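Predicted model, so just to flag it, every value in this text is computed and none were measured.
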Amino acid sequence: MRRTLRLFLMVILTTGSSFGLTISELKSLIDKNSLDLSIGRVSVEKSELLEKSTFRSYFPKVSLTGEFDEFYPYTSFSSKSWNQQYSLGVSITANPLNLQRNLQLKVDRYSIDVNREKLEKTRLNLYYQGINYLLKLKALERIIEIRKELLKNSEKILDVSEEKYKKGLVLITDVLKSKANVESARSSLRKAERDYNQTFNNLNELVNFSLSENEKPEVELFETVELPEVEKLVKRALSNRPEICALRKEIEVAKLSVKIQQKTLSPQLNLSASYTRSDTKIFPENNNYQFSAVLNFPVFDSGVTKFKSLAAEKDLVSKEISLRKQENAIKREVLNAVESVNSALEEVKSSKSFLEYSKRAYERTFNEYKLGVSDIVALLQAFDNLKNAQESYINSLLSLSSAYYELKRATGELLSGGRK
């Protein structure tokens, strides 16, 4: 029974270690652990509390009062003396008619939406940043594999040169150059491993260090992608990007701010009711009741309201211009991203051809060196070309994949999913 249980646990652990971090899982971790998103959520919660505060101002206010006075003179029938006056009371006040407050409540609700859109903008940028790290990790993972293989090949070259040196077919220079090539390959491998670890640390910081050290990227580096028409991409971007949505909400806030200034000379109704008991005794017995209704209707403020309204209208004009500017910026981002994707596609084709030629050239030169019809310089040159071609190909895949997700960021589609 114990043996069966151990085998079962080994299967589970082996299977679990084969899974890596996908883009979907990365997004979930960012949503859950990102400190930048936590800051944005606090801003949303703050705006929600301000809206509740404005709404609660519709309700009456209740106040309790207590008063004690020591006064002189207190004139009695025969003399003057010190005496005390005690008073206890409760009052209720309300402001049921306030047109400015009605508009302020709408402003507060739009402000909640603005902060939510700003939160979505932060989320979009974090998604793209995290995906870029994940793509780079995948590329570095493959480059590390390439450099390990190149290290093995450099050791094979060293073995061949040493064997030929022993036979007197080459000079000691071939061996020395081969050893230098091995050390260079080993150093290159270490640099790739360093870059991988540093990139992983950057990604881990993004998710508040919630990743385990053995977490591996599970993401595809694209060799080709297909794009919709540019007009459709621009339309998606102007519809999806949170910056556009936020500015449209800010324009509504600016319109309401104009109306708030214009309502400065609007009527207000204040109601109040109070009940007090007062006497010279510590427990007062005399009852007092008071009710009031005050309608305040300002009609002239020497033009203050007019000029404040005109100033608020300038803010509205500024917001409308900012919206057009943001739309142009987003359109430019989409066009540049499409250009980057198309350029990266050409780069992938070129680097793939270069890789195929470099492989054949290296294999041929290596065989020629073993047969003695080629020298060590030509072999090492072919070796370097192969290394450069392999890494150039991986980097071209990284550039294409990064450009593709940059386009997804520019159109705002990263927020709703997209290609994994």
Ring-ring centroid check Y128 Y405, cutoff 6.0 Å: no
Please determine which of E51, E252, E48 meets the salt bridge (charged side-chain N to carboxylate O under 4.0 Å, His left out) test together with R109. E51
Give me the atom names and distance for the closest heavy-atom approach of L88 to G66. CD2-CA, 4.0 Å
How long is the straight-line distance from [atom2] of [Y] back to [atom1] of [X], given to the nearest 0.5 Å?
| X | Y | atom1 | atom2 | answer |
| --- | --- | --- | --- | --- |
| S358 | D384 | OG | CG | 11.0 Å |
| L269 | N98 | CG | CG | 10.5 Å |
| K106 | S111 | NZ | OG | 14.0 Å |
| N270 | L97 | CG | CG | 9.0 Å |

Ring of Y127, cation from R409 - is the NZ or CZ under 6.0 Å from the centre and inside 45° of the axis? no
Can a cation-pi geometry be assigned to K164 and Y369, taking NZ or CZ under 6.0 Å from the six-membered ring centre and within 45° of the ring axis? yes
State whether a side-chain donor-acceptor pair under 3.5 Å links [X] with [Y].
| X | Y | value |
| --- | --- | --- |
| N201 | E205 | no |
| Y393 | E223 | yes |
| N367 | Y362 | no |
| N388 | N385 | no |
| S272 | T93 | no |
| N197 | E193 | no |

Should P242 and L415 count as side-chain neighbours, where that means a heavy-atom distance under 4.5 Å? yes
So with a 6.0 Å cut-off around OH of Y275, is the heavy-atom count from everything else above 12? yes
Using atom types as modelled, flag every donor-acceptor pair under 3.5 Å from a side chain in residues 136-146 to any protein atom, sequence neighbours excluded.
from, atom 1, to, atom 2, distance (Å)
K138, NZ, E141, OE1, 3.3

Spell out, as yes or no, whether a donor-acceptor pair under 3.5 Å connects the side chain of S239 to the backbone of K235. no
Residue pairs meeting ring-ring contact (aromatic ring centres under 6.0 Å, His included), one or both in residues 85-115, sequence neighbours left out, come to F68-Y86
Determine, stepwise, if the pair Q100 / T264 fulfils side-chain hydrogen bond (donor to acceptor under 3.5 Å, both in side chains). CA-CA 7 Å; Q100 282 185 310; T264 301; 3.2 Å; yes
Evaluate the side-chain contact (heavy atoms from CB on, under 4.5 Å) criterion for residues L21 and E218: first the C-alpha distance (whole Å), next the side-chain angles of each, then the deciding distance (0.1 Å), finally the verdict. CA-CA 5 Å; L21 181 64; E218 188 65 34; 5.7 Å; no
